[in-house]
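Down below is the structure, laid out as structure tokens.
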Amino acid sequence: MLIDSHCHLDYFNEYASDVVNRANEAGIGAMQTVSTRVRRFDGLRAIAEQFPNVVCSVGTHPHYASEEQDVTLDELVELSQHPKVVAFGEAGLDYFHKRCPHEDQARGFRLHIAAARETGLPLIIHSRDAEEDTAEILTEEMAKGPFKALLHCYTGGPGLATRAVELGLYVSFSGVLTFKKNDALREVAASVPLDRLLLETDAPYLAPEPYRGKRNEPAFMRYTAQTLANVKDVGEAEIARATSTNFFRLFEKAANVLNQEDFVTA
């Protein structure tokens, strides 16, 4: 079975149950529904509590960093004590949409890093059109003390991916990897060691080929897994085992909720 390490089930509203059921039927054995606003965390947590194979994160997306400057380190740490919360984020930098001042995004990014460092839970990082600043913050913060993290929905060049691996981070690829004209991204994926790779959908966004342009669902992740298998020149079963093993190595707390042997046993 595969694990969707990053989706947004709260964006499906009353259809979340149907989405989860279709994912299960497609061989997606577990999902992580990722927080974008701490102030809306109650709704996200309720979804994670509803499904035995769904875990969640808590955090503020860089788009909303200015709105949630009142979120404190103590609050993040306290919310992360819930048994279904296995990570912080997504937090980071997004210079593409220009919805939030860079300094507010950086402040929020560093706050979430501090929470990851204090608790040992990993941070899910959003980085778009901000590779240089993302690498700089990661390097500076890692020098202050180690923390675990994942670059989610990677769409950048080789530089940030290489630096992330050097710092001990993981890299996750979404349906963007399947897009026909994305050979450059497939080259980046080929360069990332197999033991640092994860898979995701970022649903309801970024549906893979052949569903590009439609609403994405965790059930569609198998197409991304097939592409990644081709890129790494291994079988799909090996991709499932490797990415699931990596998921549990990174999101260790998830093993308290999910049966790890269902995913990593041949």
Side-chain angles (χ1 to χ4, degrees), residues 1-61 63-64 79 82-90 124 126 150 152-155 172-179 197-228 236 239-240 243-244 246-248 250-251 253-260 262-263:
M1 291 189 290
L2 292 163
I3 299 176
D4 185 352
S5 66
H6 191 118
C7 61
H8 299 281
L9 294 177
D10 53 328
Y11 289 14
F12 290 96
N13 300 316
E14 68 271 20
Y15 301 105
S17 293
D18 294 336
V19 170
V20 171
N21 288 337
R22 283 193 289 270
N24 294 338
E25 292 171 359
I28 312 303
M31 289 144 273
Q32 179 170 204
T33 183
V34 174
S35 173
T36 56
R37 300 188 189 191
V38 172
R39 298 295 171 241
R40 297 185 181 181
F41 176 66
D42 287 350
L44 185 80
R45 179 178 56 200
I47 291 174
E49 291 172 340
Q50 183 180 352
F51 304 102
N53 63 338
V54 173
V55 294
C56 69
S57 68
V58 59
T60 302
H61 191 287
H63 287 171
Y64 311 114
L79 290 172
H82 189 281
K84 283 274 188 160
V85 177
V86 303
F88 294 103
E90 57 185 291
I124 300 166
H126 175 109
L150 165 72
H152 108 88
C153 190
Y154 195 80
T155 56
S172 178
F173 290 92
S174 69
V176 178
L177 191 70
T178 72
F179 294 175
L197 287 168
L198 273 79
L199 287 166
E200 65 171 277
T201 59
D202 205 13
Y205 308 109
L206 303 176
E209 302 284 0
Y211 296 101
R212 186 176 181 181
K214 298 181 180 179
R215 187 184 75 170
N216 197 10
E217 293 193 9
F220 300 162
M221 198 177 72
R222 187 162 299 279
Y223 295 96
T224 306
Q226 291 169 351
T227 297
L228 186 60
E236 292 177 38
I239 285 295
T243 56
S244 295
N246 297 343
F247 178 89
F248 285 106
L250 178 61
F251 301 103
K253 189 176 172 182
N256 297 331
V257 179
L258 307 171
N259 184 5
Q260 185 173 350
D262 288 344
F263 300 91

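Annotation: Phe247 is not in aromatic contact with Phe263 [ring centroid separation under 6.0 Å not met].
Applying the side chain to side chain contact (heavy atoms under 4.5 Å, CB included) criterion to Thr33, with sequence neighbours excluded, gives Leu9, Asp10, Leu44, Val54, Cys56. Residues passing the side chain to side chain contact (heavy atoms under 4.5 Å, CB included) test with Glu209 are Thr178, Phe179, Lys180, Arg212, sequence neighbours excluded. Under the side chain to side chain contact (heavy atoms under 4.5 Å, CB included) criterion, Ala240 pairs with Leu2, sequence neighbours left out.
How far CG of Leu258 is from CD of Gln32: 9.5 Å, rounded to the nearest 0.5 Å. The CG atom of Asn24 sits 8.5 Å away from the CE atom of Met1 when rounded to the nearest 0.5 Å. In this structure, OG1 on Thr201 lies 9.5 Å from CE on Met31, to the nearest 0.5 angstrom. The distance from the CG atom of Asp4 to the CZ atom of Arg222 is 12.0 Å, given to the nearest 0.5 Å. Atoms SG and NE2, on Cys153 and His6 in that order, are 7.5 Å from each other to the nearest 0.5 Å. Once rounded to the nearest 0.5 Å, the distance linking CG of Asn13 with CD1 of Ile47 reads 8.0 Å.
Looking at every heavy atom in both residues, Glu90 comes nearest to Val34 through N-CG1, 3.6 Å. Counting all heavy atoms, side chain and backbone alike, Phe220 lies closest to Arg215 at CE1-O, 3.5 Å. Pairing each heavy atom of Asn216 with each of Phe12, the nearest pair is O-CZ, 3.3 Å. For the pair Phe251 and Ala87, the tightest heavy-atom approach, listed with the atom from each and the gap, is CE2-CB, 3.5 Å. Considering all non-hydrogen atoms of both residues, Ala219 and Ile28 come closest at CA-CG1, 4.2 Å. The two residues Arg37 and Arg40 come nearest to each other via the heavy atoms NH1-NH2, 2.9 Å.
Ser5 places no side-chain N or O within 3.5 Å of a backbone atom of Leu198 that could act as its donor or acceptor partner. Using a distance-only test at 3.5 Å, with no hydrogens or angles considered, a donor-acceptor pair links the side chain of Asn53 to the main chain of Gly29.
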Working for side chain to side chain contact (heavy atoms under 4.5 Å, CB included), residues Ile239 and Leu199: CA-CA 9 Å; Ile239 285 295; Leu199 287 166; 3.9 Å; yes
Stepwise side chain to side chain donor-acceptor pair (under 3.5 Å) test for Asp202 and His8: CA-CA 7 Å; Asp202 205 13; His8 299 281; 3.1 Å; yes
Test log, rule side chain to side chain contact (heavy atoms under 4.5 Å, CB included), inputs Ile124 and Phe88: CA-CA 6 Å; Ile124 300 166; Phe88 294 103; over 6 Å; no
Test side chain to side chain contact (heavy atoms under 4.5 Å, CB included) applied to Phe248 and Ile3, step by step: CA-CA 10 Å; Phe248 285 106; Ile3 299 176; 3.6 Å; yes
Side chain to side chain donor-acceptor pair (under 3.5 Å) evaluation trace for Gln50 with Ser17: CA-CA 9 Å; Gln50 183 180 352; Ser17 293; 3.2 Å; yes
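The pair Glu49-Lys84 does not meet the salt-bridge criterion, since no charged nitrogen lies less than 4.0 angstrom from a carboxylate oxygen.
Taking the side chain as every heavy atom from C-beta outward, Pro218 and Val19 approach each other to under 4.5 Å.
Under the 30°/60° scheme for interplanar angles, the aromatic rings of Tyr11 and Tyr205 are found to stand perpendicular.
Remark: the Asn259 side chain and the Asp262 side chain contain an N/O donor-acceptor pair separated by less than 3.5 Å. In this structure, a donor-acceptor pair under 3.5 Å is present between the side chains of Ser172 and Glu200.
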